[in-house]
Enquirer: 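Can you keep this structure in mind? I'll have questions shortly.
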Amino acid sequence: MILRSVIKHVQDQNWFAVAIDFLIVVVGVFIGIQVSNWNAGLAEQSRGERIKARLVAEFIEIESELTRHVNDVTSWIEIANRLAEDVLADNIERDALESSDRLFSIRWRPTSGGSNTTAELISQGDMDALRSPDLVEALLRFDTLATRHTSNNLALRRLVSDDRNKLQMTSFLAAIPSETRPDDFSQRLSELASAPDLYLSIVNYSNALQIDLMWYAESLNRACAVLQELEASCGGDAAESPEMNSTSES
């Protein structure tokens with residue numbers, strides 16, 4: 001219809017009307033582009049909000065899990081330190097079963113890794129969808145630390161593997177009631193329980209756990225930083241921990 005009107009006005013040499021028709025076309029195209037951009041912006045904003053909702057749910061779970069890990073590792077360190085004191089005092093054989101339970105209570109916690117949503121955004125080159133440089137920085141800081149922690153956790157576990165084997169061997173022998181334990185088993189347990197090597201194994205294991213605890217505490221701090229950028233509450237009581245540069249090199 002506009003085209004017919006323009007042709008008619010040109011034929012009539014009504015240049016003012018031609019200018020009006022041209023203006024109507026330009027304004028119509030401009031409005032159409034603006035509406036399209038507005039709809040695209042709303043869609044992108046809605047998508048960004050959905051991604052943030054996923055991140056909130058994920059990091060609330062991560063924060064809760066890291067809090068449990070911090071509490072567990074702290075408990076294992078306390079058990080190991082008390083047990084080391086008993087070995088020094090030559091008290092480990094006083095109650096073999098209790099010693100066994102305490103040895104079994106000293107565990108090792110593998111890391112859970114980073115954020116799946118963050119990894120997905122990075123792989124797709126889609127971090128801009130979050131529209132928050134501070135949030136992106138917090139996510140990348142957490143993801144970087146999680147990767148480094150996983151590597152250090154595995155290295156520490158390998159480092160104390162011999163100590164862990166010694167603790168397990170001692171706990172297995174101590175779990176056998178003394179009245180049914182063969183004499184050679186009792187002799188071996190006595191050797192393990194009284195040897196300086198057992199004390200050193202417990203101390204080495206405790207020291208490795210303390211290093212790992214610093215990583216877990218810093219991971220918890222950074223998870224809480226992400227939640228703060230997402231304006232979600234963080235219930236974790238993260239301990240103060242030093243920068244991880246030195247421990248990552250150890």
Side-chain angles (χ1 to χ4, degrees), residues 63-112 145-146 148-178 181 185-224 235-250:
E63 178 270 330
S64 177
E65 184 176 27
L66 286 172
T67 299
R68 290 195 301 271
H69 291 353
V70 167
N71 292 336
D72 286 345
V73 177
T74 300
S75 174
W76 299 337
I77 292 172
E78 292 173 352
I79 294 171
N81 290 342
R82 289 197 301 269
L83 191 57
E85 292 174 0
D86 282 352
V87 173
L88 276 179
D90 199 22
N91 289 336
I92 192 171
E93 268 288 357
R94 187 164 17 183
D95 191 331
L97 186 57
E98 179 187 354
S99 300
S100 170
D101 291 341
R102 292 162 69 192
L103 284 165
F104 270 126
S105 298
I106 306 173
R107 310 272 181 90
W108 189 268
R109 176 81 69 188
T111 64
S112 303
L145 184 72
R148 292 167 61 194
H149 184 193
T150 298
S151 175
N152 271 265
N153 179 277
L154 290 172
L156 285 169
R157 186 171 185 174
R158 294 191 193 101
L159 189 65
V160 296
S161 61
D162 290 342
D163 301 306
R164 178 175 177 162
N165 291 337
K166 186 178 292 292
L167 296 181
Q168 287 183 337
M169 185 184 301
T170 306
S171 65
F172 291 150
L173 292 174
I176 303 173
S178 57
R181 187 190 305 143
F185 281 36
S186 295
Q187 181 179 354
R188 179 59 175 153
L189 175 60
S190 179
E191 292 172 356
L192 288 169
S194 61
D197 284 352
L198 178 60
Y199 172 77
L200 293 176
S201 292
I202 296 172
V203 170
N204 287 339
Y205 207 79
S206 175
N207 288 340
L209 286 172
Q210 288 178 32
I211 294 173
D212 205 42
L213 177 61
M214 288 193 298
W215 284 92
Y216 274 120
E218 182 62 17
S219 295
L220 180 55
N221 283 330
R222 295 196 183 183
C224 286
D237 184 15
E240 291 292 330
S241 60
E243 289 297 324
M244 294 293 105
N245 293 332
S246 60
T247 55
S248 65
E249 298 170 357
S250 60

Enquirer: Which residues pass the side-chain hydrogen bond (donor to acceptor under 3.5 Å, both in side chains) test with S75, sequence neighbours left out?
Expert: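 If we apply the side-chain hydrogen bond (donor to acceptor under 3.5 Å, both in side chains) test to S75, skipping adjacent residues, there are no hits.
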
Enquirer: Using the test side chain to side chain contact (heavy atoms under 4.5 Å, CB included), find all partners of P177 that sit at least two apart in sequence or belong to another chain.
Expert: E179, T180

Enquirer: Could I get the full list of side-chain hydrogen bond (donor to acceptor under 3.5 Å, both in side chains) partners for S161, not counting sequence neighbours?
Expert: none

Enquirer: Apply side chain to side chain contact (heavy atoms under 4.5 Å, CB included) to S64 and list each qualifying residue two or more places apart in sequence or on a separate chain.
Expert: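 Expected list: R68.
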
Enquirer: Can you sort out the partners of R109 under salt bridge (Lys or Arg N to Asp or Glu O under 4.0 Å), two or more places apart, ordered by chain and number?
Expert: D72

Enquirer: Looking at side-chain heavy atoms only, is the closest gap between W215 and V73 below 4.5 Å?
Expert: no

Enquirer: Quick check: do L167 and L198 have side-chain heavy atoms less than 4.5 Å from each other?
Expert: yes

Enquirer: How far does SG of C224 sit from CG of L220, to the nearest 0.5 angstrom?
Expert: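 One finds 4.5 Å between SG of C224 and CG of L220.
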
Enquirer: Under 3.5 Å, side chain of R181 to main-chain N/O of I176, donor-acceptor pair present?
Expert: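 Yes, R181 side chain to I176 backbone: donor-acceptor pair under 3.5 Å.
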
Enquirer: What pairs with R188 under salt bridge (Lys or Arg N to Asp or Glu O under 4.0 Å), at least two apart in sequence or on another chain?
Expert: E191

Enquirer: Rounded to the nearest 0.5 Å, what's the gap from OG1 on T111 to NE2 on H149? Could you check?
Expert: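 Going from OG1 on T111 over to NE2 on H149, the span is 6.0 Å.
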
Enquirer: Calculate, to the nearest 0.5 Å, the distance between atoms NE2 and OG belonging to H69 and S219 respectively.
Expert: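 It is 9.5 Å, given to the nearest 0.5 Å.
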
Enquirer: Under 3.5 Å, side-chain donor or acceptor atoms of residues 203-211 against the rest of the protein: list the pairs with distances, not counting sequence neighbours.
Expert:
residue	atom	partner	partner atom	Å
N204	ND2	L200	O	3.3
S206	OG	N81	OD1	2.9
S206	OG	Q210	NE2	3.3
N207	ND2	V203	O	3.4

Enquirer: Looking at every heavy atom in both V70 and A217, which two are closest together, and how far apart are they?
Expert: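 So the two residues come closest at CG2-N, 4.0 Å.
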
Enquirer: If only side-chain N and O atoms count, and only distance matters, is there a donor-acceptor pair under 3.5 Å linking E63 with T67?
Expert: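 Side-chain D/A pair, T67 to E63: present.
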
Enquirer: Say you draw a straight line from CG of L189 to CZ of F172; how long is it, rounded to the nearest 0.5 Å?
Expert: 13.0 Å

Enquirer: At their closest point, which heavy atom of S201 faces which heavy atom of D163, and how far apart are they?
Expert: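 The answer is OG-OD1, 3.1 Å.
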
Enquirer: Roughly how far, to the nearest 0.5 Å, is CD1 of I202 from CG of L83?
Expert: 4.0 Å

Enquirer: How long is the gap from OH on Y216 to OG1 on T74, to the nearest 0.5 Å?
Expert: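 So the OH of Y216 and the OG1 of T74 are separated by 11.5 Å.
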
Enquirer: Ignoring hydrogens and geometry, is there a side-chain-to-backbone donor-acceptor pair from N152 to R148 under 3.5 Å?
Expert: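 Yes; judged by distance alone, with no hydrogens or angles, the pair exists.
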
Enquirer: With sequence neighbours left out, write down each residue that passes side-chain hydrogen bond (donor to acceptor under 3.5 Å, both in side chains) with R157, or none if nothing qualifies.
Expert: none

Enquirer: Does S151 have any side-chain hydrogen bond (donor to acceptor under 3.5 Å, both in side chains) partners at least two apart in sequence or in another chain, and if so, which?
Expert: none

